[in-house]
Amino acid sequence: MALAFRNTLRAARSLMVRGYAEAAPAIKEGEMALTLAAGNKVFYNKVAVKQIDVPSFSGAFGILPKHVPTLAVLKPGVVTVYESDGKQAKIFVSSGTITVNEDSSVQVLAEEAHPVESLDRSAAQEALSKAQSEYNSAGNEKAKAEAAIAVEVAEEIVKAAS
Amino acid sequence: MLGRFAPGVCTQVAAVSQQQQTRNMATLKQISMRLKSVKNIQKITQSMKMVSAAKYARAERDLKAARPYGEGAVQFYEQAEVTATEDDPKQLYIAMSSDRGLCGACHTGVSKVIRLRLAEPGAENIKVICVGDKSRAILQRLYSKHIVAVANEIGRLPPTFTDASKLATAILTCGYDFGSGKIIYNKFRSVVSYQQSDMPLFSQKAVENAPKLTVYDSLDSDVIQSYMEFSLASMLFYALKEGACSEQSSRMTAMDNASKNAGEMIEKLTLTFNRTRQAVITRELIEIISGAAALE
């Protein structure tokens, strides 16, 4: 009787230990560690996700686990993250870099990033028209280029917010 | 002989006692003035401590958000095993300090790392960019030849990404074509501890020659250039955040110590003040009594 009790106790203990081990965020097969951070906020810090869609200057692309290592430059647009529990998160980014490493970890570093839900369409439209007027009145090349970037970002925000 | 000397000695003694008397009277006033000024200093250091405690709380919160960002920026250089090109001896050191003092050894620590490096042989190829007036003030006397650029107006407000990108632009357009370099900054560890640390800087050539770069897909020099410019800004941003947090925390400790020291000084001065006042009172009483006794 006592022996049986001890056995169950041991079983319970091993179960408990296993429970703790599972609670640790381990990167499983078919997932990758994502760091998505911006100057204003950290969205993911080495969190296991299934897929990430990113807009880059060489075209938008999706990153799946075991993607070939690459570097890319972020374009203003929406990054879509497919979390491991199937949820989708859409985050607007202004500019930045994407790094896919050999160990299948992904770093998306943005200058500014916000969840799409927190974007305000009317404010974005206002910013767009302001940027456009600035672009038209820009005197030199540099101011023109800067205004063009502002226009591009504002256009993307309007698109993302709608 | 003795008789001739005696009057002179007497006058001297009288003069000394007179002087002492006047000095005693003045000391009372002087002590009270010093006491007042030390009390004012204590008030200032105490309020500075409060201010930096509030700023520190914010800086630490910001830093927590910036840490993954900075680590992510450095990760590529580690993963791709980028090393400095050996045939290019030109190096660039960036000293991350700020404009504000009274924060312990924050700025001296950063400057010391660079000073030690500049004292070694082969220093003629090293250039320094000072971020913040304090590091410039420390380095300019001996190593002004090495300083290529100085940034100031750092430390009054919490650092932003705009500051970092302005810095990055200034570094890239400063006209110094470096092969490798280091960002020297204070890495925040806890409220009472920080450590000088560095992040590597590389030229585009060094990155293109990295042994593991071939595993990275679809790279052209345009992408690498924009990537490196942005990652420089991210690293600077991270270093600014770490520096700001260490600075505020060490200012907090420094001001706490200063308030404690001022408290000790106030105690001592109050004691001397009271003693002197009592001595003056006693002396005046003696004078009055002996005067009255002489009249009787």
Side-chain angles (χ1 to χ4, degrees), chain A residues 25 32-47 52 54-64 66-76 79 91 93-114 142 145-146 149-150 153, chain B residues 61-82 158-169 173 204 207-208 210-241:
Chain A
M32 55 196 160
L34 167 70
T35 304
L36 173 51
N40 54 339
K41 197 178 166 186
V42 176
F43 291 89
Y44 296 91
N45 186 10
K46 293 181 187 144
V47 178
I52 311 146
V54 286
S56 89
F57 273 108
S58 44
F61 63 99
I63 303 167
L64 284 165
K66 299 209 176 113
H67 190 281
V68 61
T70 188
L71 301 179
V73 182
L74 269 180
K75 213 171 74 152
V79 172
I91 293 150
V93 291
S94 62
S95 67
T97 58
I98 307 152
T99 319
V100 183
N101 287 312
E102 221 183 343
D103 60 356
S104 181
S105 65
V106 180
Q107 275 105 38
V108 180
L109 302 178
E111 192 180 338
E112 283 239 22
H114 292 281
K142 197 176 163 225
E146 274 173 11
I149 294 169
V153 174
Chain B
R61 212 175 47 227
D62 283 357
L63 178 63
K64 234 175 232 163
R67 271 228 163 112
Y69 197 71
E71 278 162 14
V74 184
Q75 195 133 56
F76 163 68
Y77 296 105
E78 279 168 12
Q79 296 263 354
E81 291 170 15
V82 182
T160 60
F161 198 85
T162 326
D163 296 339
S165 31
K166 272 184 198 153
L167 256 179
T169 321
T173 55
Q204 190 167 351
V207 172
E208 276 166 7
K212 279 181 114 180
L213 197 77
T214 41
V215 300
Y216 286 83
D217 184 39
S218 70
L219 288 182
D220 48 41
S221 58
D222 248 14
V223 168
I224 294 184
Q225 198 196 343
S226 339
Y227 183 88
M228 286 187 61
E229 280 171 8
F230 190 83
S231 83
L232 175 64
S234 323
M235 284 197 281
L236 286 170
F237 176 68
Y238 173 58
L240 278 172
K241 285 279 181 214

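We name chains A, B, ... by the order of the sequence lines, and we start the count at 1 in each one. Just so it is clear, the structure is predicted and the values come from calculations on it, not from any experiment. Just so it is clear, the values below take in all heavy atoms, side chains as well, and ignore hydrogens, waters and symmetry mates.
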Supply the atom-to-atom distance A:Lys41 NZ to B:Tyr69 OH, rounded to the nearest 0.5 angstrom.
-> 15.0 Å
Rounded distance (nearest 0.5 Å) linking atom CD of B:Gln79 with atom CD of A:Glu102 = 7.5 Å
Relative to chain B, which segment of A:Ile98 carries a heavy atom at a distance below 4.5 Å: side chain, backbone, both, or neither?
-> backbone
Heavy-atom distance under 4.5 Å to chain B: side chain of A:Thr97, backbone, both or neither?
-> both
Using non-hydrogen atoms only, which part of B:Glu71 is less than 4.5 Å away from chain A: side chain, backbone, both, or neither?
-> side chain
Closest approach of A:Asn101 and B:Tyr216, non-hydrogen atoms and distance?
-> OD1-OH, 2.9 Å
Between B:Ser165, B:Ser226, B:Ala66, B:Gly72, which has the largest tally of heavy atom pairs under 4.5 Å with chain A?
-> B:Gly72
Apply the test side chain to side chain contact (heavy atoms under 4.5 Å, CB included) to residues A:Val73 and B:Phe230: give CA-CA distance (whole Å), side-chain angles for both, the deciding distance (0.1 Å), then the verdict.
-> CA-CA 9 Å; A:Val73 182; B:Phe230 190 83; over 6 Å; no
Heavy-atom distance under 4.5 Å to chain B: side chain of A:Val100, backbone, both or neither?
-> backbone
Chain A heavy atoms under 4.5 Å from B:Lys241: which part of the residue, side chain, backbone, both or neither?
-> neither
Note, B:Gln75 side chain near A:Thr99 side chain (heavy atom, < 4.5 Å) = no
Contact winner vs chain A - B:Ala65, B:Pro68, B:Ser231, heavy-atom pairs under 4.5 Å | B:Pro68
For B:Phe161, is it the side chain, the backbone, both, or neither that has a heavy atom closer than 4.5 Å to a heavy atom of chain A?
-> side chain
With a 4.5 Å cut-off on heavy-atom pairs, point out which of B:Thr160, B:Val215, B:Thr162 contacts chain A the most.
-> B:Val215
Please state whether the side chain, the backbone, both or neither of A:Ser95 comes within less than 4.5 Å of a heavy atom of chain B.
-> both
Non-hydrogen atoms of chain A under 4.5 Å away: do they reach the side chain of B:Ala73, the backbone, both or neither?
-> both
Might you point out which heavy atoms bring A:Leu71 and B:Val223 nearest each other, and give the distance in Å?
-> O-CG1, 3.8 Å
Which answer fits B:Tyr227, side chain, backbone, both or neither, if we ask what part of it has an atom under 4.5 Å from a heavy atom of chain A?
-> both
